[in-house]
Amino acid sequence: MLRSHTCGQLRVSDVGSEATLCGWVESCRDHGGAVFIDLRDRYGATQVVIGPPEANQQQIDFAGRIGAEWVLKATGVVSHRLEGKTNEKLATGDIELRCAQVEVLNTSAVPPFVPSQSDLPNEDLRLKYRFLDLRRPQMQRSMITRSQIIKEMRDYFAEHDFIDVETPILGRSTPEGARDYLVPSRVHPGHFYALPQSPQLYKQILMVAGFDRYVQVAKCFRDEDLRADRQPEFTQLDLEMSFVDAEDIIAIIDGLVARVAKKILGREVQLPLARMSYEEAMRRFGSDQPDLRYALEIVDITEIAKTVEFRVFRGTADEGGFVRGIKVDGRAEEFSRRRLDELTEYVKRDFGARGLAWFRVEPDGSLWSPTSKNFTADELNRITAAMSAKPGDLLLFLADSWNVTCRGLAGLRKRLGGELKLYAADSLHCSWITEFPMFEKDDETGNWHAKHHPFTAPLASDLPLLKTNPEACRAQAYDLVINGSEAGGGTIRIHDAATQSQVFDLLGIDQETARDRFGFLLDALRFGAPPHGGIALGIDRWVMLLGGLENIREVIAFPKTQKATDLMTEAPGTVDTAQLNELQLRTVSVKT
RNA sequence: GGCGCUGUAGCUCAAUUGGUUAGAGUACCGGACUGUCGAUCCGGUGGUUGCGGGUUCGAGCCCCGUCAGCGUCGCCA
């Protein structure tokens with residue numbers, strides 16, 4: 001070891017002993033007759049003093065020329081700071097290391113930004129110089145938290161008899177789901193591997209193989225557009241269990257949530273976690289990942305709308321649409337015409353809503369809006385009653401299809417929840433959404449496709465609906481939602497070939513295709529597959545949510561930009577013609 | 001692919017309605033200084049206002065295109 005202590009370690013109790021520190025120059029203050037250097041490492045910072053009587057003037061002059069982010073090794077005697085010269089901002093602020101000279105382990109070019117900088121540089125610069133950005137204490141904290149969370153997960157599952165099994169990164173492309181990242185095969189020209197979107201099929205095979213309880217910290221890849229909480233390459237805590245039902249999976253994850261909350265945040269989580277059916281979530285919050293840290297619950301006034309004169313409401317209701325709204329408690333005054341116009345524009349632009357109807361509840365309890373003249377007093381009274389509106393409230397309504405009202409109101413909830421700060425910054429709300437529909441209809445093609453994935457088992461009670469009414473058929477599926485973000489999701493799988501065929505039929509996957517793509521799984525199901533199910537947790541999101549961060553890039557050491565590039569390595573890049581030739585590949589331009 | 005925001009010195013930002021030589025803090029360079037810790041003081045370097053085009057007597061500012069970063073919708077079984 002080049003050092004005897006870390007830069008966050010020395011205290012008054014060490015005074016008088018010799019110590020050697022290694023670290024980066026956080027700042028170098030040259031006073032001519034003495035030089036003060038704050039030496040930083042991941043553990044903290046310690047002041048190193050090069051001055052008399054230890055150092056001669058030549059050594060002091062040398063130290064004065066040391067620059068930011070140089071790497072130093074400093075050996076000296078741990079000393080009390082002078083009376084009144086202690087620094088309360090540093091854990092090591094009562095002492096300093098007095099040295100004759102420091103050894104320069106490495107110099108540094110003048111950095112484009114320094115880790116201690118208060119005004120963060122633009123993110124593209126942070127990403128290009130990620131090694132500097134990662135020196136920032138906040139980034140180091142995030143990466144440490146991430147490490148601790150993964151450790152807790154591994155410990156927890158090891159204690160519950162799970163076996164960690166690695167599954168291949170080079171697999172084969174699947175027909176459904178996200179776009180695959182493809183890897184060309186040199187040995188089989190024209191053939192491609194696909195990087196896993198998840199280890200889904202492998203873990204099911206492991207159940208058939210008798211591994212009973214499988215877990216893995218798995219890298220997953222999906223070639224889709226990025227978001228603040230979505231990267232093309234991400235990490236899942238993936239698990240699968242045999243001889244279980246949904247209750248067992250939920251219970252074991254409940255235990256994990258409580259443990260991680262306790263160990264990482266020091267907080268107690270009430271178990272069991274709350275549950276809500278998909279139907280209830282959509283009805284009350286318009287989303288299958290509702291943020292339950294605040295209310296803003298959706299109220300359906302379609303029945304009232306059918307009886308009013310106002311064409312927008314009545315017409316929509318009569319044509320089978322819905323009129324639903326939310327109530328902002330007592331904050332109507334904060335909504336200027338301009339702000340309401342912005343919200344209107346928002347629901348039109350982002351969700352294709354036809355408009356936003358709003359009402360202020362006046363001091364006398366009456367409703368006012370630009371359109372209120374289109375309503376009779378009785379109509380307005382019934383709306384007020386349905387919404388339990390009080391003076392000072394703001395009412396927002398969408399009159400549209402079920403989907404648009406769901407998406408639009410969910411969007412408004414999310415936006416207003418944030419803008420109005422309807423929840424405490426440190427609040428944590430975890431819950432389960434269950435009983436998802438098995439299938440969704442593609443609006444364009446009219447085809448059915450799996451809401452989760454094609455191996456999801458229907459609720460036993462809904463099994464007959466597979467033939468008669470697929471739309472109503474619910475799945476044994478469960479999503480873990482934390483603070484309005486999908487933090488995990490899983491299902492009980494189909495474990496018999498007959499049901500699996502039936503589902504494939506419904507999805508329009510013919511026997512030939514099924515055999516071609518999933519033959520190995522279908523085979524496995526014929527050779528004694530146990531009932532099984534599992535879940536995958538989004539580790540990046542867990543770290544983000546538990547850390548109170550709003551961006552997934554803050555918890556990934558080397559994240560990609562919105563266009564899926566790495567600004568540091570400049571990936572993706574071009575390759576030599578020789579490499580392409582070896583793979584028998586040629587690039588062509590395709591007009592899109 | 002659509003919509004929106006941002007882009008000015010190494011970095012963070014300013015620049016009146018379109019009007020003189022684009023400024024400040026910080027970093028950097030030189031000098032002074034023994035107690036600083038956002039050190040201080042004196043002096044200095046540093047600009048294709050992302051890029052290309054247009055309007056105008058005149059563009060950092062207006063218009064069109066484009067590139068990049070971010071947010072969002074579509075997309076993400």
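Within every chain, numbering begins at 1; the chains are lettered A, B, ... in the order of the sequence lines, protein sequences first and strands thereafter.
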Mind checking [X] for me? I need base, sugar-phosphate or nothing, with any heavy atom below 4.0 Å counting as a touch.
| X | result |
| --- | --- |
| A:Pro454 | base |
| A:Pro52 | base |
| A:Arg230 | base |
| A:Glu96 | base |
| A:Leu507 | nothing |
| A:Glu123 | sugar-phosphate |
| A:Asp38 | sugar-phosphate |
| A:Leu125 | sugar-phosphate |
| A:Thr86 | base |
| A:Arg553 | sugar-phosphate |
| A:Asn551 | sugar-phosphate |
| A:His31 | base |

Is any side-chain N of the basic residue among [X] and [Y] closer than 4.0 Å to the acidic one's carboxylate O?
| X | Y | value |
| --- | --- | --- |
| A:Arg126 | A:Glu554 | yes |
| A:Asp133 | A:Arg136 | yes |
| A:Arg135 | A:Glu69 | yes |
| A:Glu240 | A:Arg493 | yes |
| A:Arg474 | A:Glu279 | no |

Rounding to the closest angstrom, what is the interatomic distance between [N] and [M] at atom [atom1]?
| N | M | atom1 | value |
| --- | --- | --- | --- |
| B:C11 | B:U66 | C1' | 26 Å |
| B:G23 | B:G46 | P | 13 Å |
| B:A27 | B:G10 | P | 16 Å |
| B:A22 | B:A59 | P | 13 Å |
| B:U34 | B:G43 | C1' | 23 Å |
| B:G7 | B:G60 | P | 15 Å |
| B:A68 | B:U26 | C1' | 25 Å |
| B:U55 | B:C13 | P | 34 Å |

Could you tell me how far apart [X] ([atom1]) and [N] ([atom2]) are, to the nearest whole angstrom?
| X | N | atom1 | atom2 | result |
| --- | --- | --- | --- | --- |
| A:Arg81 | B:A39 | CZ | C1' | 13 Å |
| A:Lys563 | B:C67 | NZ | P | 7 Å |
| A:Glu224 | B:C73 | CD | P | 14 Å |
| A:Glu69 | B:U26 | CD | P | 19 Å |
| A:Asn56 | B:U34 | CG | C1' | 15 Å |
| A:Leu226 | B:G1 | CG | P | 14 Å |
| A:Phe351 | B:G74 | CZ | P | 7 Å |
| A:Leu567 | B:A68 | CG | P | 11 Å |

Determine: side-chain N/O of [X] to OP1/OP2 of [N], distance under 4.0 Å, yes or no.
| X | N | answer |
| --- | --- | --- |
| A:Lys85 | B:C37 | no |
| A:Asn122 | B:U12 | yes |
| A:Ser116 | B:C37 | no |
| A:Arg227 | B:C73 | yes |
| A:Gln562 | B:G71 | yes |
| A:Ser27 | B:C37 | no |
| A:Lys89 | B:G38 | yes |

For [N], the Watson-Crick or wobble partner whose two distances fall under 3.5 Å:
| N | answer |
| --- | --- |
| B:C70 | B:G4 |
| B:C13 | B:G23 |
| B:U34 | none |
| B:G58 | none |
| B:C29 | B:G43 |

So if I take every side-chain heavy atom of A:Asp350 and compare against B:U72, B:G35, B:C76, which nucleotide ends up nearest? B:U72
Between B:G69, B:G71, B:C76, which nucleotide gets closest to the side-chain atoms of A:Ala228? B:G71
Here the gap from A:Leu134 atom CG to A:Gln140 atom CD, rounded to the nearest 0.5 Å, amounts to 7.5 Å
Sorted by position of nearest nucleotide on RNA chain B, 5' first, the leading residue of A:Lys451 and A:His80 is A:His80
Closer to the 5' end of RNA chain B via nearest nucleotide, is it A:Phe36 or A:Gln200? A:Phe36
Is there a donor and acceptor pair closer than 3.5 Å between the side chain of A:Arg179 and the base of B:G74? no
Does the base of B:G38 carry an N or O that pairs as donor and acceptor with the side chain of A:Gln117 under 3.5 Å? no
Excluding sequence neighbours, so at least two apart, what forms ring-ring contact (aromatic ring centres under 6.0 Å, His included) with A:Phe113? none
Which heavy-atom pair separates A:Thr499 from A:Leu466 by the least distance, and what is that distance? CG2-CD1, 4.4 Å
Anything under 30° is parallel, anything over 60° is perpendicular, the rest tilted; go ahead and classify A:Tyr423 against A:Tyr294. parallel
